2 protein chains.
Amino acid sequence: MKEKILELLENKKFNELKQILVEENIQDIAILFEELNKEQIILVYRLIPKDMAAEVFTYLEPEYQEKLINMLSDEEIKNVVNNIYIDDMVDLIEEMPSNVVKRVLKNVKQEQRKIINEFLNYPSDSAGSMMTIEFVDLKENMTVEQAFQKIKKIGLNKETIYTCYVLDMSRKLIGLVSVRDLLLAEKDDSIKEIMETNIITVNTLDDKEEVVKKFEKYDFIALPVVDKEERLVGIITIDDAIDVLQEETTEDFEKMAAMIPSEETYFRTGAFTHAKNRIIWLLVLMLSAAITGEIITYYESAFATLPLLVAFIPMIMGTGGNCGSQASTLIIRGLAMDEIRLKDFWRALFKELKVSIIVGLVLFLINGIRIVVQYNDFKLAIVTGLALIATVILAKLLGCILPMVAKKIKLDPAIMAAPLITTIVDTCSVLVYFSIAVVIMGI
Amino acid sequence: MKEKILELLENKKFNELKQILVEENIQDIAILFEELNKEQIILVYRLIPKDMAAEVFTYLEPEYQEKLINMLSDEEIKNVVNNIYIDDMVDLIEEMPSNVVKRVLKNVKQEQRKIINEFLNYPSDSAGSMMTIEFVDLKENMTVEQAFQKIKKIGLNKETIYTCYVLDMSRKLIGLVSVRDLLLAEKDDSIKEIMETNIITVNTLDDKEEVVKKFEKYDFIALPVVDKEERLVGIITIDDAIDVLQEETTEDFEKMAAMIPSEETYFRTGAFTHAKNRIIWLLVLMLSAAITGEIITYYESAFATLPLLVAFIPMIMGTGGNCGSQASTLIIRGLAMDEIRLKDFWRALFKELKVSIIVGLVLFLINGIRIVVQYNDFKLAIVTGLALIATVILAKLLGCILPMVAKKIKLDPAIMAAPLITTIVDTCSVLVYFSIAVVIMGI
């Protein structure tokens with residue numbers, strides 16, 4: 001359809017274009033914007049029916065939202081801000097530069113502005129910042145029929161209506177009713193009879209990660225958010241939970257590659273911010289590598305006697321790094337997925353020990369064959385082989401221990417990943433390698 | 001509640017325990033099983049009401065499912081297999097060892113066995129293998145009221161009822177109606193009037209990853225699966241899509257750490273399988289490191305003259321590895337999230353170039369200061385510093401280029417991650433380092 005739309009745009013067949021846009025998915029229209037230039041963007045946006053336009057707007061990438069706001073009239077901005085959900089509104093304000101935010105807020109009603117301010121006060125990693133305030137609330141003395149009437153009345157403006165929340169007089173959450181339960185009940189059943197009272201909730205200040213875990217565990221479509229007094233203040237819907245899940249995973253990837261996680265996408269992060277996020281760990285690891293350098297200097301006489309020894313440093317260090325990376329990745333991911341728990345410490349350690357012995361022996365063998373063939377030097381094969389085995393075992397055990405220790409002392413296991421472990425293993429493996437060489441070769 | 005249940009179990013207060021279990025979430029009961037011994041498992045399972053028991057069963061970890069099946073009577077197994085959804089059934093058969101599968105299939109009805117066999121024929125990474133056949137189908141000439149009656153009649157056994165599928169006589173999917181649309185419509189409206197005809201579907205043979213991307217893009221709760229003739233054969237629900245999303249992410253983590261992805265969780269994978277998954281890349285990378293070794297051997301006379309040169313090899317190699325890991329992680333993740341596309345190649349490359357120049361200069365400076373302070377050797381500071389800059393730029397550019405090239409030639413970008421890039425960068429950086437040293441130091 002993309003080609004079709006671009007063609008109609010080219011030939012100024014706007015009526016036909018309008019017809020097509022009405023039929024399209026809002027998400028597909030939003031993606032289409034990435035193909036358009038500035039003039040085309042505003043043109044297409046104005047061809048979309050008003051009630052779709054606000055929704056399309058929420059699916060645009062921030063850079064296109066910004067472009068668009070700068071071109072829209074105040075009247076058009078009002079249409080957007082009065083028709084999008086509060087959580088999308090808050091996202092918008094957090095993403096946009098201040099001059100754009102000013103234009104947006106100017107067109108927001110007084111009472112809405114108050115709500116927005118409340119939302120902006122929730123910590124950015126809290127459940128409160130994820131929630132929306134649009135939901136269906138019922139009273140326990142309502143009948144099923146009354147419930148349906150209420151849903152019909154307010155249903156259109158709700159992000160999800162499939163779970164209704166039963167509140168008491170002080171807005172405390174006392175029960176849940178799914179639309180499914182309502183459909184299967186009799187018209188004059190009371191809500192009290194059919195509501196579910198064993199409710200899973202999250203608190204406004206709970207960590208986002210907690211929220212995502214609850215969605216994964218309980219297979220909900222929406223999750224109620226309560227304040228300290230257990231009053232219902234909002235709900236979180238599954239689509240937002242998936243977005244957060246993806247963000248958290250991206251953060252883990254970044255931490256595991258020795259970076260400070262970025263708030264923005266790759267291209268929206270400037271080169272200086274990228275550099276800043278990456279430089280700290282690089283400096284720490286670079287300076288730590290000096291220790292390995294010191295050890296090598298200490299064994300100067302050894303490789304002065306046998307310079308060939310130096311040639312195997314990259315292989316031993318590289319293998320150690322890769323082994324550490326393998327083990328730590330599995331453990332970190334396992335911890336994140338709750339497949340590995342702290343009580344499994346010894347079980348995991350024992351497993352890594354077994355794996356590292358198998359892997360170490362295979363590497364010993366293949367490396368030995370290569371060295372004997374290439375250099376016809378049995379002693380060298382033994383020295384490098386033993387260093388390999390020691391390095392593999394050390395790397396895998398550290399890759400297992402460090403993330404679990406981090407979790408135990410409430411640090412993020414993801415920082416105990418390949419880069420840090422590699423640096424530690426580098427130091428140890430060089431030490432082991434030269435010690436073995438000195439003993440076996442008698443140098 | 002865990003403590004409470006264990007205590008009641010201890011004191012054999014089974015009636016009280018039964019009361020508590022009825023009130024609990026099935027997912028919480030399933031997790032409880034991990035704390036129980038064999039006798040307790042079967043005891044608790046038998047205290048759960050029959051209609052909950054089958055559902056609890058589907059949420060158990062495979063090892064507890066296996067234990068349980070071995071203890072259950074045929075009658076109890078029948079209760080499970082006749083009350084779980086087809087997708088859970090297929091998962092069960094794929095996870096269990098053959099003797100357990102035999103006992104399960106023995107208790108399955110003839111017609112159900114046929115369906116199971118069809119499902120087992122879908123490739124394990126296809127949409128077909130994810131779907132369930134429980135859904136609500138309507139005809140377009142039904143009224144809204146008739147639709148509600150149909151939902152009421154078959155609603156109880158459906159995994160999701162919130163989207164109903166409108167089929168024509170040949171079971172072709174011609175429309176969608178959400179329960180929300182039904183609720184907001186008039187009783188005697190016809191389905192044809194209110195149904196959505198712009199339908200997003202997946203094909204039974206589509207890749208799971210495609211399915212997950214559609215869920216992310218369109219915020220669906222369920223997605224219809226059609227066969228080649230566009231007949232509706234099943235639906236995929238959002239909870240299963242999240243599970244697949246997590247599995248795919250785990251696979252990416254494993255590939256990026258130079259492992260062949262495991263089908264099973266960490267502990268359910270044996271030590272030999274773990275070793276097998278890890279050894280291939282380790283061998284490839286170990287043997288590749290021999291090239292770096294050759295280069296070092298070539299420069300033997302250089303470090304024979306100035307042994308201190310060797311001490312900086314770990315630092316330069318380590319920094320290169322970390323820089324490559326940072327860049328490739330961001331690019332691979334960006335590609336997976338569709339935040340970076342192939343057409344962004346030059347834009348990404350230019351960004352990495354800028355970042356690497358900034359990072360390189362900072363490292364040059366800090367490293368220079370350290371070397372001058374420690375060794376009072378300006379030439380050494382320049383040589384190592386230039387080698388660092390060259391390594392950083394090379395590592396970041398390769399970290400950007402290789403994953404994108406992989407994507408272009410339809411390989412998984414995740415294999416172009418830290419381990420492979422580190423090995424390539426090692427070779428280049430050692431070469432650059434010694435070349436610079438020879439020229440500047442005149443050795």
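In the text below, chain A, chain B and the rest are named by the order of the sequence lines, each starting its count at 1. What you are looking at is a predicted structure, and each value in this text was computed from that prediction instead of being measured.
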With chain B, which of [options] has the greatest number of heavy-atom pairs at distances under 4.5 Å?
{"options": "Asp426(A), Ile340(A), Thr319(A)", "value": "Ile340(A)"}
{"options": "Lys276(A), His274(A), Met256(A), Lys351(A)", "value": "Lys351(A)"}
{"options": "Thr297(A), Leu388(A), Ile242(A)", "value": "Ile242(A)"}
{"options": "Glu196(A), Glu61(A), Glu34(A), Arg268(A)", "value": "Glu34(A)"}

Please verify the inter-ring angle class for Phe148(A) with Phe148(B); under 30° counts as parallel, over 60° as perpendicular, anything in between as tilted.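 It falls in the tilted class, 30° to 60°.
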For residues Gln246(B) and Arg333(A), determine if any side-chain heavy atom of one lies less than 4.5 Å from a side-chain heavy atom of the other.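 Yes, at least one pair of side-chain atoms sits under 4.5 Å.
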Given side chains that start at C-beta, do those of Glu216(A) and Asp239(B) come closer than 4.5 Å, heavy atoms only?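 No, side chains not in contact.
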As an exercise, state the distance from [atom1] of [X] to [atom2] of [Y], rounded to the nearest 0.5 Å.
{"X": "Leu363(A)", "Y": "Ile279(B)", "atom1": "CG", "atom2": "CD1", "result": "4.0 Å"}
{"X": "Met315(B)", "Y": "Ile291(A)", "atom1": "CE", "atom2": "CD1", "result": "13.5 Å"}
{"X": "Ser325(B)", "Y": "Leu282(A)", "atom1": "OG", "atom2": "CG", "result": "9.5 Å"}

Are Arg347(A) and Phe267(B) in a cation-pi setup, meaning NZ or CZ lies under 6.0 angstrom from the ring centre and within 45 degrees of the ring axis?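 Yes, Arg347(A) and Phe267(B) form such a contact.
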Taking atom types as modelled, is there a side-chain donor on Asp28(B) or Tyr218(A) under 3.5 Å from an acceptor on the other?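 The answer is yes; a qualifying pair exists.
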So which part of [X] gets closer than 4.5 Å to some heavy atom of chain B, the side chain, the backbone, both or neither?
{"X": "Phe272(A)", "value": "both"}
{"X": "Glu339(A)", "value": "both"}
{"X": "Ile200(A)", "value": "side chain"}

Could you tell me whether Tyr298(A) atom OH has more than 12 heavy atoms of other residues or ligands within 6.0 Å of it?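 Open.
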Looking at Ala336(B), Ala258(B), Ala348(B), which has the largest count of heavy-atom pairs under 4.5 Å with chain A?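 That would be Ala348(B).
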Do NZ/NE/NH1/NH2 and the carboxylate oxygens of Glu352(B) and Arg278(A) come within less than 4.0 Å?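 A salt bridge is present here (some side-chain N lies under 4.0 Å from a carboxylate O).
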